[in-house]
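Here the structure comes first, spelled out in structure tokens, and everything after it is commentary.
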There are 2 protein chains.
Amino acid sequence: MAPSEPRGRHSAEKTRARIVEAALQALRDEGIAGISARSIARRGGFNQALIFYHFGSVEGLLVAVARSESERRSALYAPALAEVSSLAELVAVARRLHDEEFQEGTVAALTQVLAGAVGSPELSRGISESLRPWTTLVGDTIDRLLADTPFRDLVPRDDLTAAVAALFLGIELLTGLDTELSGDSLFTTMESVARVIDGLLRSAAPPATA
Amino acid sequence: MAPSEPRGRHSAEKTRARIVEAALQALRDEGIAGISARSIARRGGFNQALIFYHFGSVEGLLVAVARSESERRSALYAPALAEVSSLAELVAVARRLHDEEFQEGTVAALTQVLAGAVGSPELSRGISESLRPWTTLVGDTIDRLLADTPFRDLVPRDDLTAAVAALFLGIELLTGLDTELSGDSLFTTMESVARVIDGLLRSAAPPATA
DNA sequence: GTCTATAACTAGATAGAC
DNA sequence: GTCTATCTAGTTATAGAC
């Protein structure tokens, strides 16, 4: 479905990147409910027909946005995640990610794409595939963290990974409301809590399970 | 904006409830991106003009959905939340809520409304007001829980409330994807973790903070 | 309070000129 | 590879009959 001649006046690669960037902005500012080929094209200053030429459909473009963001984030945070060795450090990386990406609205855009996946099996499949680089990276990090704790045999790695991802996405969903909720304060609090838990874990014997 | 003559062949109250119910189903099955006055009316078997007569606009209806759900849930879970006295018990109530509401898709519908609030200040305001009964209830519960722990002076109640809500909503957002992610397994895991933390807290002196 | 009909507009998608 | 023009269908919202 994707064309592949990089020898016109404009390269396909560059145009595709422009379109993806415009879609990201549209998702961030107008939300999935307000998205359309025309609203995206207006934002990027190109013709709406280009979206269908390069991505086949608006949904195809949304999948491309998810993949692009997943890959970019993976490359950007893999080094930091590789050095995480405590819960507090994991939260610190999450906080850095929040600080750096919140302004740009990239995580907010992702929550919008996820919301849009409801009721569209094709979009669901495409997105969950697109996010694999990122979920794999986070999962591996959590695996390593768990290895040293009393939770080792108690907590399936995938569940904890999902919970961490869910917490993060949920925060973005909620801070989208103009409530008094501040991500800054929330992450500061979570860092304190993480330090306390780290301390408890270090000073405790493996506890009784249920 | 809302009419108020309950003496026709059909009472306004009943019709409004029918419309809200149909909107909830539409949000759950088609998502915010697929919502329209016509898709809602089709589902409920009534005329789309009714939505504008009773709620002024589709957005007005979405706010009504949020309020209705917030009030229903508050009434339903207030008794259980009033008896919560440990983290594990709080997770247990969350699990009951998940079990009971997941099938019905009511939480999924809420995540869709929240996603729709992006880019619509009016919707944002309406929704965050509508949710107040519920957030107040959860906040008070967490307040009580915190009082007995080393986190007492460390954790602003609002932050923890937001984190709990975010986690819950994020889980619904993620389980919407057809991934292998199961809410059942996730909550079972969280119950185990909560028990461990409860145990650690009981056996530990107030720790050093940073 | 609920319906039909309609106005005014926007959507996704494609054909064909350039 | 990008544009204009266009088709078809769906959109919100309102007037006015019942």
Side-chain angles (χ1 to χ4, degrees), chain A residues 1-23 26-27 29-65 112-113 116-117 119-120 122-123 126, chain B residues 1-23 26-27 29-65 112 116 119-120 122-123 126:
Chain A
M1 244 167 200
S4 48
E5 302 95 84
R7 55 194 71 250
R9 279 252 272 69
H10 310 277
S11 82
E13 271 314 294
K14 277 199 164 172
T15 303
R16 289 169 65 94
R18 260 182 84 201
I19 297 174
V20 166
E21 174 61 26
L27 280 168
D29 295 345
E30 301 172 40
I32 187 75
I35 221 75
S36 74
R38 292 176 143 89
S39 72
I40 296 167
R42 212 176 301 128
R43 200 169 285 266
F46 49 81
N47 194 278
Q48 58 101 13
L50 272 184
I51 290 172
F52 300 96
Y53 177 76
H54 284 288
F55 298 95
S57 68
V58 174
E59 292 206 344
L61 171 54
L62 297 182
V63 171
V65 170
Q112 292 295 313
V113 172
S120 171
E122 195 200 323
L123 200 50
Chain B
M1 248 171 200
S4 49
E5 302 95 80
R7 52 194 74 250
R9 279 251 272 74
H10 309 276
S11 84
E13 270 315 294
K14 279 198 163 174
T15 303
R16 288 169 66 93
R18 261 182 82 200
I19 296 174
V20 166
E21 173 62 24
L27 281 168
D29 296 344
E30 303 172 38
I32 188 73
I35 223 74
S36 75
R38 291 178 138 87
S39 72
I40 296 167
R42 213 176 302 128
R43 200 168 282 266
F46 49 80
N47 193 279
Q48 58 98 15
L50 274 183
I51 290 172
F52 301 96
Y53 177 76
H54 285 288
F55 299 95
S57 67
V58 175
E59 292 206 346
L61 171 53
L62 296 182
V63 171
V65 170
Q112 291 295 313
S120 171
E122 195 201 324
L123 199 49

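Below, read A as the first sequence line, B as the second, and so on, with proteins coming before strands; counting in each chain starts at 1.
- The distance from the CZ atom of A:F46 to the CD1 atom of A:I40 is 7.0 Å, given to the nearest 0.5 Å.
- The interatomic distance linking A:L50 (CG) with D:dA5 (P) rounds to 16 Å, in whole Å.
- As a whole-Å value, the separation of A:I40 CD1 from D:dT2 P is 16 Å.
- When rounded to the nearest whole Å, the span between CD1 of B:I51 and C1' of C:dC3 equals 14 Å.
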Walk along nucleotides 11-18 of chain C from 5' to 3' and tag each nucleotide B, S or - by protein heavy-atom contact under 4.0 Å, base first, then sugar-phosphate.
BBBB----
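- Atoms CD1 and OH, from B:I19 and B:Y53 in turn, are 10.5 Å apart once rounded to the nearest 0.5 Å.
- Closest non-hydrogen pair, A:S57 versus A:F52, comes out as CA-CD2, 3.9 Å.
- For A:R16 against A:H54, the heavy-atom pair with the smallest separation is NH1-O, 2.9 Å.
- A donor-acceptor pair under 3.5 Å is formed between the side chain of A:Q112 and the backbone N or O of A:I32.
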